[in-house]
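Okay, so here's the structure we're looking at.
By convention in this document, chain letters (A, B, ...) are assigned in the order of the sequence lines, proteins followed by strands, and residues within each chain are numbered from 1.
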Amino acid sequence: MLIASWNVNSIRSRLSQVIKWLEDEQPEVLCLQETKVSDKDFPYKTFENIGYDVKFYGQKSYNGVAIISKDNIADIRYGFPGELNQLEISEELHFQKRIISGLINGIRIINVYVPNGSSLNSEKFNYKVNWLAMLNEYLVKQSKRGEPTCLLGDFNIALDDNDIYAPDKFTGSIMASEIERKMLREALGSRFKDSFRVFEKCSGHWSWWDYRNNSFELNKGWRIDHIYLSNNLLSNLKSSVIERSQRENNQPSDHAPIMINLDFQENLIEFEDDDDDIFNL
DNA sequence: ATGGCAGAAGCATTCTGA
């Protein structure tokens, strides 16, 4: 079972590239971030035409997440608990669509687009810190359910110095500060493992390259897109890769897709739903 | 310290991203 994640930086601009990639790679699940489109304008039919189910949670211009799946997506959660049922949010608050979750083949998929945070002394950084605290709470609840869980997306955090092309230049600043790393580590706890680091311990593997300064050509990148697995899925993990070649496309996203392969031939999932629906209050 | 590049909104230019 192939499960992938891709920050596409506008699904409408990247639609043909994403469709081509789905047809070539045939993943069972692809999670998108930064779709940058209102739900009423999401191009879901293009995905249905090639055999994928689509669930999306977006807004005009900014943010937005989606789950694309060959198999049925059940028990969908839009946003954090209660978020969907809040009254219409004012313009100033600029309500941000950054998390969507669903159950696919017995696996809980949690797709996140963590705020960037701009700079450490900004109001946006406070928002990022608060958002990570909400994610922590969400994941604590999730782990109590015992479901096999795959947490993936654009985290906008390089957890380790070897996730940055020039750690001496960036460690301590936005996406690599001690407070962000601490908060993400706490949210992950001992509950989740970074699938990529199961196989690859070295530096030099990036998922994002800035559009500016010839960053891709110079291979100046960061690894800020991650796929985490709950411990009860680790024995099924066969590979975890970054699809770097997609960054070479014409008019590419600034992120490359990332993808894992889970094999259930030997270890079948056994999980009983306890119907304790703490997420839909 | 600032800008580089790209996308959306919307039609000139600003805002946002990372």
For the pair made of CZ in A/Arg247 and P in B/dA18, what is the distance, rounded to whole Å? 13 Å

P gap between B/dT2 and B/dA12, integer Å: 28 Å

Examine B/dC5: is either OP1 or OP2 under 4.0 Å from a nitrogen or oxygen in the side chain of A/Ser215? Give yes or no. no

Mind checking if A/Lys128 touches a base, just sugar-phosphate, or nothing, with heavy atoms under 4.0 Å? nothing

Take the protein atom CZ of A/Phe155 and the nucleotide atom C1' of B/dA18, then report the distance between them rounded to whole Å. 16 Å

For the side chain of A/Tyr62, counting heavy atoms from C-beta on, which of B/dC15, B/dG3, B/dA8 is nearest? B/dC15

Whole-Å distance between B/dC5 P and A/His255 NE2? 18 Å

Please tell me which of A/Ser38 and A/Trp222 maps to the more 5' nucleotide of DNA chain B, matching each residue to the nucleotide holding its nearest heavy atom. A/Ser38

Roughly how many Å is it from CD in A/Gln251 to P in B/dA6, rounded to a whole number? 8 Å

Among B/dA8, B/dG17, B/dA9, the one nearest any side-chain atom of A/Ser10 is B/dA8

Are side-chain N/O atoms of A/Lys70 and A/Gln26 paired as donor and acceptor at under 3.5 Å? yes

Could you check, using the six-membered ring where one of them is a Trp, whether A/Tyr228 and A/Phe155 have ring centers closer than 6.0 angstrom? yes

Base, sugar-phosphate, or nothing: which does A/Ile174 touch, judged by heavy atoms less than 4.0 Å apart? nothing

Between the side chains of A/Tyr57 and A/Glu83, is a donor N or O closer than 3.5 angstrom to an acceptor N or O? yes

Within the pair A/Arg14 and B/dG7, is there a side-chain N or O less than 4.0 Å away from OP1 or OP2? yes

For B/dA18 and B/dG7, measure between their C1' atoms and round to the nearest Å. 14 Å

Quick one: is B/dT16 close enough that its OP1 or OP2 comes under 4.0 Å of any side-chain N or O from A/Tyr127? no

For A/Tyr78 and A/Asp39, does a side-chain donor sit closer than 3.5 Å to a side-chain acceptor? no

Is the ring centre of A/Trp222 less than 6.0 Å from the ring centre of A/Trp209? no

Separation of B/dG10 P from A/Arg12 CZ (nearest whole Å): 11 Å

B/dA18 phosphate, OP1 or OP2, under 4.0 Å from A/Asn156 side-chain N/O: yes

Is the shortest side-chain N/O distance from A/Lys36 to OP1 or OP2 of B/dT16 below 4.0 Å? no

Verify the distance criterion only: is there a donor paired with an acceptor across the side chains of A/Gln142 and A/Glu147 at less than 3.5 Å? yes

Between A/Asp263 and A/Asn236: side-chain donor-acceptor atoms closer than 3.5 Å: no

5'-most contact on DNA chain B (nearest-nucleotide basis), A/Ser61 vs A/Tyr211, goes to A/Tyr211

By the 4.0 Å heavy-atom rule, please label A/Phe170 as base, sugar-phosphate, or nothing. nothing

Atom-pair distance (CZ on A/Arg212; C1' on B/dA6), nearest Å: 9 Å

Considering every strand and a 4.0 Å limit on heavy-atom distances, what is the contact class for A/Trp208: base, sugar-phosphate, or nothing? sugar-phosphate

Taking only side-chain nitrogens and oxygens of A/Asn7, does any of them come within less than 4.0 Å of OP1 or OP2 of B/dA18? yes

Any base atoms under 4.0 Å from A/Asp154, or only sugar-phosphate, or nothing? Heavy atoms, all strands. sugar-phosphate

What's the gap between B/dG10 and B/dA6 when it is taken at their P atoms, as a whole Å value? 23 Å

Rounded to whole Å, how long is the line connecting atom CD of A/Gln59 with atom C1' of B/dC15? 14 Å

Closest to the side chain of A/Glu34, out of B/dA18, B/dG7, B/dG3, is B/dA18

Ignoring the backbone of A/Lys124, work out which of B/dT16, B/dG7, B/dA18 is nearest its side chain. B/dT16

What integer number of Å spans the P atoms of B/dT13 and B/dA1? 28 Å

Between A/Asn116 (CG) and B/dA6 (C1'), how many Å, whole number? 15 Å

